[in-house]
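These notes are about the structure you will find just below.
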Amino acid sequence: MTHIFRSTIVAAIFASYSSFGLAADIIGYGAPITSDQAKKAATAAIADAKKNNLAVVVAVVDSSGSLSYLEKIDGTQISSVETAIGKARTANNFKRPTKALDDVVAGGRVALLNLPNVLPLQGGLPIILDGKIVGAIGVSGATSQQDEQAAAAGLAAIGAK
(Lines give C-alpha, C1' and ligand atoms only; values in the text may rest on other atoms or scores of the structure.)
Protein backbone atom coordinates (compact mmCIF):
# COMPACT_ATOMS: atom_id res chain seq x y z
CA MET A 1 0.00 0.00 0.00
CA THR A 2 1.36 3.37 -0.86
CA HIS A 3 1.67 6.06 1.74
CA ILE A 4 -0.82 8.29 -0.10
CA PHE A 5 -3.42 5.50 -0.31
CA ARG A 6 -3.06 4.71 3.40
CA SER A 7 -3.32 8.38 4.27
CA THR A 8 -6.51 8.63 2.21
CA ILE A 9 -8.05 5.67 4.07
CA VAL A 10 -7.10 7.12 7.46
CA ALA A 11 -8.53 10.51 6.44
CA ALA A 12 -11.79 8.88 5.32
CA ILE A 13 -12.11 6.98 8.59
CA PHE A 14 -11.38 10.13 10.59
CA ALA A 15 -13.94 12.09 8.56
CA SER A 16 -16.62 9.48 9.24
CA TYR A 17 -15.83 9.54 12.97
CA SER A 18 -15.80 13.33 13.11
CA SER A 19 -19.22 13.45 11.48
CA PHE A 20 -20.51 11.78 14.64
CA GLY A 21 -18.64 14.23 16.90
CA LEU A 22 -15.97 11.77 18.06
CA ALA A 23 -13.33 13.49 20.15
CA ALA A 24 -9.67 13.15 19.28
CA ASP A 25 -9.18 10.88 22.29
CA ILE A 26 -11.38 7.83 21.98
CA ILE A 27 -13.05 7.07 25.30
CA GLY A 28 -13.00 3.46 26.40
CA TYR A 29 -15.52 1.45 28.36
CA GLY A 30 -15.09 1.00 32.07
CA ALA A 31 -16.62 -1.26 34.67
CA PRO A 32 -20.43 -1.26 34.49
CA ILE A 33 -22.37 1.41 36.36
CA THR A 34 -23.47 0.19 39.79
CA SER A 35 -27.11 -0.37 40.65
CA ASP A 36 -26.97 2.47 43.18
CA GLN A 37 -25.49 4.88 40.64
CA ALA A 38 -28.06 3.89 38.01
CA LYS A 39 -30.93 4.41 40.43
CA LYS A 40 -29.52 7.75 41.64
CA ALA A 41 -29.14 9.02 38.05
CA ALA A 42 -32.64 7.90 37.09
CA THR A 43 -34.17 9.37 40.23
CA ALA A 44 -32.60 12.76 39.47
CA ALA A 45 -33.80 12.63 35.86
CA ILE A 46 -37.33 11.78 37.03
CA ALA A 47 -37.21 14.64 39.57
CA ASP A 48 -36.16 17.07 36.82
CA ALA A 49 -39.00 15.89 34.60
CA LYS A 50 -41.57 16.16 37.40
CA LYS A 51 -40.34 19.67 38.24
CA ASN A 52 -41.19 20.60 34.65
CA ASN A 53 -44.53 18.72 34.67
CA LEU A 54 -43.31 16.16 32.15
CA ALA A 55 -44.29 12.50 31.93
CA VAL A 56 -41.23 10.47 30.92
CA VAL A 57 -39.51 7.12 31.13
CA VAL A 58 -35.86 6.96 32.20
CA ALA A 59 -33.66 4.00 31.31
CA VAL A 60 -30.09 3.39 32.40
CA VAL A 61 -27.93 0.77 30.72
CA ASP A 62 -24.54 -0.46 31.83
CA SER A 63 -21.37 -0.41 29.73
CA SER A 64 -22.43 -3.63 27.97
CA GLY A 65 -25.74 -2.06 26.93
CA SER A 66 -27.77 -4.20 29.32
CA LEU A 67 -30.66 -2.53 31.10
CA SER A 68 -29.65 -1.65 34.64
CA TYR A 69 -32.56 0.51 35.83
CA LEU A 70 -35.87 1.79 34.43
CA GLU A 71 -38.44 4.15 35.92
CA LYS A 72 -41.69 5.40 34.38
CA ILE A 73 -43.79 8.32 35.55
CA ASP A 74 -47.48 7.39 35.67
CA GLY A 75 -49.29 8.46 32.54
CA THR A 76 -46.28 8.34 30.23
CA GLN A 77 -47.04 7.00 26.76
CA ILE A 78 -46.28 3.29 26.44
CA SER A 79 -43.93 3.71 23.47
CA SER A 80 -41.56 5.73 25.64
CA VAL A 81 -40.41 2.60 27.50
CA GLU A 82 -38.67 1.04 24.49
CA THR A 83 -37.65 4.47 23.18
CA ALA A 84 -35.84 5.38 26.41
CA ILE A 85 -34.04 2.02 26.41
CA GLY A 86 -33.12 2.50 22.74
CA LYS A 87 -31.74 5.98 23.36
CA ALA A 88 -29.63 4.72 26.28
CA ARG A 89 -28.26 1.77 24.30
CA THR A 90 -27.49 3.96 21.29
CA ALA A 91 -25.62 6.51 23.44
CA ASN A 92 -23.65 3.70 25.07
CA ASN A 93 -22.88 1.74 21.93
CA PHE A 94 -21.90 4.78 19.83
CA LYS A 95 -20.07 6.47 22.73
CA ARG A 96 -21.78 9.81 22.19
CA PRO A 97 -25.01 11.69 22.85
CA THR A 98 -27.80 10.52 20.60
CA LYS A 99 -28.25 14.12 19.44
CA ALA A 100 -25.03 13.72 17.43
CA LEU A 101 -26.64 10.88 15.50
CA ASP A 102 -29.94 12.75 15.26
CA ASP A 103 -28.06 15.66 13.65
CA VAL A 104 -26.33 13.34 11.17
CA VAL A 105 -29.66 11.91 10.02
CA ALA A 106 -31.24 15.39 9.89
CA GLY A 107 -28.30 16.42 7.71
CA GLY A 108 -29.28 13.80 5.15
CA ARG A 109 -27.11 10.83 6.07
CA VAL A 110 -30.07 8.48 6.35
CA ALA A 111 -27.95 5.36 5.76
CA LEU A 112 -27.38 5.46 9.53
CA LEU A 113 -31.00 4.36 9.94
CA ASN A 114 -30.12 1.00 8.36
CA LEU A 115 -27.69 0.06 11.12
CA PRO A 116 -29.04 -2.42 13.67
CA ASN A 117 -30.13 -1.23 17.11
CA VAL A 118 -29.73 2.50 16.42
CA LEU A 119 -32.18 5.06 17.73
CA PRO A 120 -30.86 8.44 16.56
CA LEU A 121 -33.17 10.64 18.63
CA GLN A 122 -31.95 13.26 21.09
CA GLY A 123 -32.35 12.24 24.74
CA GLY A 124 -29.61 9.65 25.29
CA LEU A 125 -26.28 10.48 26.97
CA PRO A 126 -23.27 8.30 27.74
CA ILE A 127 -22.34 8.16 31.43
CA ILE A 128 -18.64 8.92 31.80
CA LEU A 129 -17.01 8.42 35.19
CA ASP A 130 -13.25 8.57 35.74
CA GLY A 131 -12.73 9.00 32.00
CA LYS A 132 -14.53 5.77 31.05
CA ILE A 133 -18.00 5.03 29.75
CA VAL A 134 -19.80 3.04 32.46
CA GLY A 135 -23.21 3.11 30.78
CA ALA A 136 -25.75 5.55 29.42
CA ILE A 137 -29.06 7.17 30.29
CA GLY A 138 -32.01 7.58 27.95
CA VAL A 139 -35.15 9.62 28.51
CA SER A 140 -38.34 9.62 26.44
CA GLY A 141 -41.79 11.13 26.72
CA ALA A 142 -41.31 14.86 26.27
CA THR A 143 -39.65 16.87 23.50
CA SER A 144 -36.18 15.71 22.54
CA GLN A 145 -34.61 18.75 24.18
CA GLN A 146 -36.57 18.18 27.40
CA ASP A 147 -35.61 14.51 27.35
CA GLU A 148 -31.93 15.43 27.12
CA GLN A 149 -32.28 18.03 29.87
CA ALA A 150 -33.67 15.38 32.22
CA ALA A 151 -30.90 12.96 31.21
CA ALA A 152 -28.29 15.65 31.95
CA ALA A 153 -29.79 16.09 35.43
CA GLY A 154 -29.23 12.37 35.94
CA LEU A 155 -25.57 12.68 34.96
CA ALA A 156 -25.07 15.65 37.28
CA ALA A 157 -26.51 13.71 40.22
CA ILE A 158 -23.73 11.12 40.04
CA GLY A 159 -20.94 13.51 39.04
CA ALA A 160 -20.70 12.17 35.50
CA LYS A 161 -19.90 14.04 32.34
Side-chain angles (χ1 to χ4, degrees), residues 16-17 19-23 27-129 132-161:
S16 69
Y17 280 148
S19 70
F20 291 127
L22 185 65
I27 298 171
Y29 291 102
I33 190 168
T34 67
S35 298
D36 288 341
Q37 290 169 322
K39 184 175 182 176
K40 186 174 181 180
T43 299
I46 289 287
D48 183 80
K50 284 182 175 179
K51 175 182 76 178
N52 293 301
N53 297 315
L54 304 173
V56 300
V57 174
V58 178
V60 178
V61 298
D62 65 20
S63 53
S64 73
S66 297
L67 185 62
S68 182
Y69 189 85
L70 185 124
E71 190 166 339
K72 176 181 168 286
I73 294 175
D74 291 341
T76 304
Q77 60 196 12
I78 296 167
S79 65
S80 288
V81 173
E82 292 301 323
T83 304
I85 295 168
K87 287 179 179 184
R89 285 190 174 137
T90 299
N92 181 73
N93 296 348
F94 281 83
K95 299 181 173 183
R96 63 191 37 85
T98 53
K99 180 165 184 355
L101 302 171
D102 192 346
D103 290 345
V104 168
V105 172
R109 195 163 177 199
V110 296
L112 181 66
L113 298 172
N114 292 319
L115 296 176
N117 304 313
V118 176
L119 190 56
L121 298 173
Q122 183 178 1
L125 298 172
I127 300 171
I128 302 170
L129 292 170
K132 300 286 183 185
I133 296 173
V134 299
I137 186 168
V139 179
S140 178
T143 68
S144 293
Q145 296 81 9
Q146 291 167 324
D147 289 347
E148 186 169 300
Q149 177 185 325
L155 294 185
I158 59 171
K161 291 184 179 180

Please report the shortest heavy-atom distance between [X] and [Y], naming the atom on each side.
X: Ala151; Y: Gly123; value: CB-O, 4.0 Å
X: Ile158; Y: Ala41; value: CG2-N, 4.0 Å
X: Val58; Y: Ala45; value: CG2-CB, 3.8 Å
X: Ala142; Y: Asp147; value: N-OD1, 3.0 Å
X: Ile33; Y: Val61; value: CG2-O, 4.0 Å
X: Pro126; Y: Ala91; value: N-CB, 3.8 Å

Quick check against the 3.5 Å criterion: does [X] have a side-chain atom that pairs as donor or acceptor with the backbone of [Y]?
X: Ser63; Y: Gly30; result: yes
X: Asp62; Y: Ser64; result: yes
X: Thr143; Y: Gln146; result: yes
X: Thr83; Y: Ser79; result: yes
X: Arg109; Y: Val104; result: no

Exercise for review: Please determine which of Leu119, Leu125, Val57 meets the side-chain contact (heavy atoms from CB on, under 4.5 Å) test together with Lys87.
Suggested key: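 The side-chain contact (heavy atoms from CB on, under 4.5 Å) with Lys87 is passed solely by Leu119 among Leu119, Leu125, Val57.
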Is there side-chain contact between [X] and [Y], with heavy atoms separated by less than 4.5 Å?
X: Thr98; Y: Thr90; answer: yes
X: Ile137; Y: Tyr69; answer: no
X: Leu113; Y: Pro120; answer: yes
X: Ile128; Y: Ile27; answer: yes
X: Glu71; Y: Thr43; answer: yes

Practice item. Take Val134 and Tyr29, measure what side chain to side chain contact (heavy atoms under 4.5 Å, CB included) needs, and give me the verdict at the end. Key: CA-CA 6 Å; Val134 299; Tyr29 291 102; over 6 Å; no
Exercise for review: In sequence, state the C-alpha distance, the side-chain angles, and the governing distance for Asp48 and Lys51, and then conclude on salt bridge (Lys or Arg N to Asp or Glu O under 4.0 Å).
Suggested key: CA-CA 5 Å; Asp48 183 80; Lys51 175 182 76 178; 3.5 Å; yes
Enter the distance from [X]:[atom1] to [Y]:[atom2] here, rounded to the nearest 0.5 Å.
X: Thr76; Y: Leu54; atom1: OG1; atom2: CG; value: 9.5 Å
X: Glu82; Y: Ser140; atom1: CD; atom2: OG; value: 10.5 Å
X: Lys39; Y: Ile46; atom1: NZ; atom2: CD1; value: 12.0 Å

Review point. Are Lys72 and Val81 close enough, and set up right, to give a side chain to side chain contact (heavy atoms under 4.5 Å, CB included), and what steps lead you there?
Key: CA-CA 8 Å; Lys72 176 181 168 286; Val81 173; 4.0 Å; yes
Practice item. Apply the test salt bridge (Lys or Arg N to Asp or Glu O under 4.0 Å) to residues Asp103 and Lys99: give CA-CA distance (whole Å), side-chain angles for both, the deciding distance (0.1 Å), then the verdict. Key: CA-CA 6 Å; Asp103 290 345; Lys99 180 165 184 355; 2.8 Å; yes
Exercise for review: Please lay out, stage by stage, how Leu70 and Ile85 fare under the test side chain to side chain contact (heavy atoms under 4.5 Å, CB included).
Suggested key: CA-CA 8 Å; Leu70 185 124; Ile85 295 168; 3.8 Å; yes
Review point. Hey, mind stepping through Asp36 and Thr34 against side chain to side chain donor-acceptor pair (under 3.5 Å) and telling me if it holds?
Key: CA-CA 5 Å; Asp36 288 341; Thr34 67; 5.5 Å; no
Practice item. Dump the intermediate steps for side chain to side chain contact (heavy atoms under 4.5 Å, CB included) on Arg96 and Leu101, then the final yes or no. Key: CA-CA 8 Å; Arg96 63 191 37 85; Leu101 302 171; 4.2 Å; yes
Exercise for review: Check whether more than 12 heavy atoms from other residues, nucleotides or ligands sit under 6.0 Å from atom CG of Asn117, and answer yes or no.
Suggested key: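 No, not enclosed.
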**Study point:** Any residue meeting salt bridge (charged side-chain N to carboxylate O under 4.0 Å, His left out) with Asp102, in chain and number order, not counting sequence neighbours
**Key:**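 For Asp102, no residue satisfies salt bridge (charged side-chain N to carboxylate O under 4.0 Å, His left out) once neighbours in sequence are set aside.
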